[in-house]
Amino acid sequence: MSRHEEIASALTEVRVRLDAACLDAGRDSAEVTLLPVTKFFPASDVRILYDLGCREFGESREPEAGDKIAEFRSAPDVVDPVRWHMIGRLQRNKARTVARWADMVHSLDSVRLADALDVAVGVARDDGARSGPLRVLLQVSLDADPTRGGVPVAESAALADHVAGSSNLVLGGLMAVPPLGSDPDAAFARLEIAHADLLRSHPDATVLSAGMTGDLEAAVRHGSTCVRVGSAILGHRR
Ligand SMILES: *Cc1c(COP(=O)(O)O)cnc(C)c1O
């Protein structure tokens, strides 16, 4: 089987699985976006997914992402606009480069990172590297383990207000990764409550980025609007 056939069949399987999860949860599958995660995989795989109709991708690390995006874009026959999502932990010193390519950052978890991104997006807009503001999701920590990233739920309202008051960031919603070894249903249930709370003060923050290869069904049961799927589409990462 060619790589194209392999990815095409895996993508179809994931779409069938996502549709079934939506049906089970009594939700319309149009409410849940499938975001293919291409980290660790080459630009040629992104190209295959593009040829299969995908127009949004998740990446998690610099400089891997920036290099891959430049390579992908350099093909003369890639003409449709593509949106790139930064889903991984982001260091403040990478804000400048990420502001040049990201349409959305899923992993905003501190005021200091928000301020760094706000400045970086302003610079990127001034020099023409991007035209619009950056949509951001607050990554919330569901177990308050500071090593894995995420703002504690109790501190997320203050961070949301801070983002809403910035010049170049738009608050899109929430993201979370369930704690290692936890029951994803219980974790996503807490996330769903945090999202409902956020929507009361920020009604436009409708995105809930939750669910990966191993737990997308549980995430869909708890209101996910974006599942980030890597290995089920592209295979195991080294
Ligand atoms: C890598 C990654 C994913 C994709 O994980 P899979 O289990 O391969 O689907 C999703 N979200 C984040 C934040 C990631 O870093």
Side-chain angles (χ1 to χ4, degrees), residues 25 27 31-33 35 37 58-61 84-95 98-99 102-122 132-212 215-216 218-228:
R27 299 185 57 200
E31 290 170 21
V32 188
T33 304
L35 180 66
V37 174
E59 281 287 334
S60 72
R61 307 184 308 171
W84 296 92
H85 297 244
M86 173 61 180
I87 64 170
R89 283 202 87 174
L90 179 54
Q91 309 293 330
R92 275 180 300 141
N93 62 8
K94 299 284 167 55
V98 169
D103 290 280
M104 186 183 271
V105 166
H106 290 224
S107 47
L108 185 74
D109 62 359
S110 72
V111 166
R112 293 173 79 196
L113 179 57
D115 289 345
L117 277 172
D118 193 31
V119 170
V121 173
L134 175 68
R135 297 230 295 160
V136 298
L137 307 182
L138 309 187
Q139 182 178 353
V140 295
S141 165
L142 298 171
D143 63 352
D145 174 357
T147 60
R148 302 192 65 222
V151 61
V153 172
E155 293 164 29
S156 61
L159 182 55
D161 292 344
H162 186 82
V163 168
S166 70
S167 313
N168 295 302
L169 306 180
V170 173
L171 181 66
L174 295 185
M175 181 275 237
V177 179
L180 281 174
S182 71
D183 168 18
D185 258 298
F188 289 137
R190 272 179 280 148
L191 179 64
E192 189 175 24
I193 292 169
H195 191 218
D197 286 344
L198 177 74
L199 282 169
R200 270 190 283 281
S201 41
H202 299 279
D204 296 330
T206 53
V207 178
L208 186 59
S209 170
M212 318 191 285
D215 56 18
L216 69 87
V220 167
R221 276 195 287 280
H222 294 287
S224 172
T225 67
C226 174
V227 295
R228 311 174 306 269

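Heavy atoms only: backbone and side chains are in, while hydrogens, waters and symmetry mates are out.
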With a 4.5 Å limit on heavy-atom distance, are the side chains of Ser167 and Asp118 in contact? yes
Could you tell me which residues satisfy salt bridge (charged side-chain N to carboxylate O under 4.0 Å, His left out) with Asp197, sequence neighbours excluded, listed by chain and number? Arg200
Can you name the closest pair of heavy atoms from Ala102 and Leu134 and give their distance? O-CD1, 3.3 Å
Residues two or more places apart in sequence or in another chain: which of them pass ring pair (Phe, Tyr, Trp, His ring centres under 6.0 Å) with His195? none
Of all heavy-atom pairs linking Ala194 and Val153, the shortest is CB-CG1, 4.0 Å
The criterion is salt bridge (charged side-chain N to carboxylate O under 4.0 Å, His left out); which residues satisfy it with Glu31, sequence neighbours excluded? Arg27
For a 4.5 angstrom cut-off between non-hydrogen side-chain atoms, does Cys226 reach His106? yes
Would Leu208 and Leu191 count as a side-chain contact (heavy atoms from CB on, under 4.5 Å) here? Give the steps. CA-CA 9 Å; Leu208 186 59; Leu191 179 64; 3.7 Å; yes
Across all chains, not counting sequence neighbours, the side chain to side chain contact (heavy atoms under 4.5 Å, CB included) partners of Arg112 are Arg92, Ser110
Given side chains that start at C-beta, do those of Asp115 and Val119 come closer than 4.5 Å, heavy atoms only? no
Spacing of Leu138 atom CG and Leu113 atom CG [to the nearest 0.5 Å]: 10.5 Å
Sole candidate of Leu117, Asp109, Leu108 that passes side chain to side chain contact (heavy atoms under 4.5 Å, CB included) when paired with Leu90: Leu117
Could you report the tightest heavy-atom contact between Glu192 and Gly223, atom names first, then the distance? OE2-N, 4.0 Å
Does Val105 reach the side chain of Ser107, with side-chain heavy atoms less than 4.5 Å apart? yes
Min side-chain heavy-atom separation Val32-Val227 under 4.5 Å: yes
Test side-chain contact (heavy atoms from CB on, under 4.5 Å) on Val207 and Arg135 and set out the steps. CA-CA 10 Å; Val207 178; Arg135 297 230 295 160; 4.0 Å; yes
Measuring from atom OG of Ser201 to atom CG of Asp161, what distance do you get when rounded to the nearest 0.5 angstrom? 6.0 Å
Measure the spacing between OG of Ser209 and CG of Leu35 and express it to the nearest 0.5 Å. 7.0 Å
Is it the case that the side chain of Ser224 and the backbone of Ala210 share a donor-acceptor pair, with hydrogens and angles ignored and the cut-off at 3.5 Å? yes
Inter-residue atom distance Arg89.CZ - Lys94.NZ, 0.5 Å rounding: 12.5 Å
Rounded to the nearest 0.5 Å, how far apart are CG of Leu137 and CE of Met104? 4.5 Å
Looking only at heavy atoms, what is the nearest atom pair of Leu198 and Ala160, with distance? CD1-CB, 3.5 Å
Donor-acceptor pairs under 3.5 angstrom involving side-chain atoms of residues 170-189: please list them, not counting sequence neighbours.
residue	atom	partner	partner atom	Å
Ser182	OG	Pro179	O	2.7
Asp183	OD1	Asp185	N	3.1
Asp185	OD1	Arg221	NE	3.3
Asp185	OD1	His222	NE2	2.8
Asp185	OD2	Arg221	NH2	2.8

Determine the minimum heavy-atom distance between Leu199 and Ala205, stating which atoms define it. CD2-O, 3.4 Å
Residues two or more places apart in sequence or in another chain: which of them pass side chain to side chain donor-acceptor pair (under 3.5 Å) with Gln139? none
Just how far is it from atom OG of Ser60 to atom CZ of Arg228, taken to the nearest 0.5 Å? 11.0 Å
